[in-house]
Amino acid sequence: MMDARQAIIESKIRLVSKRLDDSIEVTPKTPLLRQQLLDSVELMELIAALEQEFSVAIPLEELTPRNFASINRIAGLVERIEAADG
Amino acid sequence: MALLIEDALGRLGDGGETEALVWRDGIRTEREFAAAVGSRAGHFRTRGLKPGDRVLISLPKGPVAVECLFATLACGGIAVPVDPSTPPERLRAILSEIAPFCILADGPLDGVTPGEPVDRLQLDPFAAGQGGAADGFAPVSVSGDDVALVLMTSGSTGTPKGIAITHANITAFSDWAIASFGLTAADRFISIAPLHFDLSVLDILTSRRIGAMAYLADRPETLFPGQLTEAIETHRISILYTVPTALRLMHSHGGLAARSLGALRWIFYAGEVYPPRQLAALMADVPTPRYANLYGPTETNVICCDLLDGPPTEHAPPSIGRPCSHSEISICDQSGGRVETGERGEICVAGPTVMAGYWRRPDLTRSCYFEGDGTVFRTGDLGFTDEQGAIRFLGRRDRQVKIRGHRVELPEIEAVALASGLVDSAAATVADPGENNGSLWLHVGVEDGSHFDPSQLNGFLADRLTGPSMPDRICARRRMPVTPTGKLDLAALQAEHHAMLGAAEEPA
C-alpha cells in the first residue's frame, strides 16, 4: 500500500514517463532507474513537478541515483527536506 | 605503426599505483587493471574462446565491463557491447545475428531461453580471477584487418545490424584524436556514453592506450546532470565527450558553470546538432575549455571536426567543420559524381576509419557504396561545402520528403527553427508523405514556455522557408522525447503525429 505522499509521487512519475503506461504496475520499491522507467529529461521534469507539488526546493547535492531509486526513496527525500524546512 | 590494442596491452601494468579506472565507488590502479585483464583473458581462453569469436558484453558500465572488453580483445575475440536492458525481442535478434561464443551478464537475461545453445553461452564474468590463469598469459597477435568491435544499431527494416569495426579502424581514429587534441597520459577522461556507443573508442579505448585515467559514469549517474558535473570537478576531468542533450542538461540543471573546471581542456560533442542559442550560452558560462564538434556516423567514426572559435552566429545550416586528416570527403550526387562547392549532395568518405562492413550482411554493406565502386562510403547524410571549405550539415538523406510534389528537407526546417532562438529543440515530422495532403508538423521544445509565441516562430519561418516547407502545425511542449542515447526521439514524435491524425497504418 502507498501512503498519500507516495501516491502523489507515483502520479507525477506516470505523468512524465513515456515508458510507464497504465498496464505497468509500480510499487513503492520498484527500482525506477534500474528498470529504466525514466530518462534524464523525464527526471528533470519529475524533479520540477515534485518541487512544485510539495513546495520544496531539492538541493543539487540531493539529486542522486540513491535518492531517486524508488518511490519509497523519493518520499523519504521529500519528507527530509520538508522537516528541515520546518 | 602499432595498433591501439597492441599499445594498450603492451603498456599493461605501467604506471603501477596510478589510477587507471575510477568510478563512483572505487578505483582500479594500473597494476590492478593489468592483473584483472590478464586473469579474465586467461579465464576466457581456458573456456575455449578463440580468435574471431564474438563476446556479447551485456554489463553495466563499470570496471568489470571494461576489463572484459580488453580481455576479449587480448584473446583475439570480437567484443559486442550491448545495452544491459536490451528488450527481449531485440536481444534474440542480436543473438541470431551475431552468434556469440558467450554472453557476459551479471544476472539472468530476458529473452535468452534455457537450452542449446544458450546454456554454454552463460558465462559469469565475476568468476574470473579465481584460477590464477593470468600467469604467463600472452595476448594473441591480431592484424589491422581483424574485427575488434561490433556495435549494434537499428536497421531501417527493424532488424538490428552490427557495424563491424576493425583494429585498424579504431587505431586510425585514435591516432587522429591523440595528435589533434594533444592527448597524453596526464589527461583525465570521463566516459558518459554507454559502452555500445562509439564515443567509447575515445573515452575508454584511447584513454587506456595512452595510460590516461578514465572515470566511468554508470547509467543511473548519467541521469543526474549534477552528479556528472560533480564528478567532472572532483576528478579534475580534462576531456569531456558527450552528446549535446547531456551537455545542455549539465548546463541547465547540473550547475556546470558553478563548478571549478580548471582542469577541463576540451569539450567534444557529437551525434546531433547543438542548438546555437544554448551553445552560445554554454560557451559564455564555461569559457575555459576549447570546444569541438565531431561528426561522423558510427559506420565511419569521426570524419569531420569543427574547432569552434566562438558560438555560431549566422542563421545557416550548422557547420561540421573540415575533413579529418585521415578522411577524404566528397559531396556526391545520386550517381556518385562530385558536385560543386555550394551544391547539395550526400556526404561521402574514403579513409581508414570506415567500417569493414555490416556484420555478415554483404548486400547491406554494398548498398552503402555507389554501384561499381567500393571505395567511397555513403554516409546517408546530406550537406554541402561552403565558400570557406567547411562542410555544412543538412541532415539525413532519408529525411528528405516530398510534400505536395515539392522536395522538403525536414532538417532544414528544424535548423531554421533553432536559428530563430525562440525554441530549445525542434523536430519536423510528416504523416502520409506519399499523399497529396501530407501533413507537416513542427514539434518544438520550449523549456520556459511562458513567453513562447507560435506566431512569432511562424513569422520567422515564413521569412526563410519555401511554402511547401512551412509546417502545417507547430506543437510546443516543455520537453521533447529523447532516445536512450540522448538524441531527440524522432520515431516517437512521428508515431504521435500519426496517432493524432488517426492514421491507420505505420509509416513506410
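Naming convention: chains lettered A, B, ... in sequence-line order (proteins, then strands); numbering from 1 in each chain.
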- Item | Residues B:R219, B:D83: salt bridge by 4.0 Å N-O rule | no
- Any ion pair linking B:R477 and B:E496 (charged N to carboxylate O, less than 4.0 Å)? yes
- By residue number, those in residues 69-79 of chain A with heavy atoms under 4.5 Å from heavy atoms of chain B are none
- Should the pair A:E82-A:R5 be classified as a salt bridge under the 4.0 Å nitrogen-to-oxygen rule? yes
- Engaged part of A:L43 at the chain B interface, taking heavy atoms whose separation is under 4.5 Å: side chain
- Is any side-chain heavy atom of B:L151 less than 4.5 Å from a side-chain heavy atom of B:P81? yes
- Query: Within a radius of less than 6.0 Å around CZ of B:R24, do more than 12 heavy atoms belonging to other residues, nucleotides or ligands occur?
  - Reply: yes
- Does any N or O in the side chain of B:E233 come within less than 3.5 Å of the main-chain N or O of B:S260, such that one atom is a donor and the other an acceptor? yes
- Message: So if I take each residue of residues 44-62 of chain A and look for any heavy atom under 4.5 Å from a heavy atom in chain B, which residues do I end up with?
- Response: A:M44, A:E45, A:L60
- Query: Do you know which of B:L199, B:L279, B:L282 makes side chain to side chain contact (heavy atoms under 4.5 Å, CB included) with B:Y269?
  - Reply: B:L279
- Describe, in one word, how the ring planes of B:F224 and A:F68 are oriented to each other, choosing from parallel (under 30°), tilted (30 to 60°) and perpendicular (over 60°). tilted
- Query: Do B:S191 and B:K61 have a side chain donor and acceptor closer than 3.5 Å?
  - Reply: yes
- Message: Is B:R248 in contact with chain A via its backbone, its side chain, both, or neither, using a 4.5 Å heavy-atom distance?
- Response: neither
- Message: I'd like to know whether CZ of A:R80 has more than 12 heavy-atom contacts from other residues, nucleotides or ligands below 6.0 angstrom.
- Response: yes
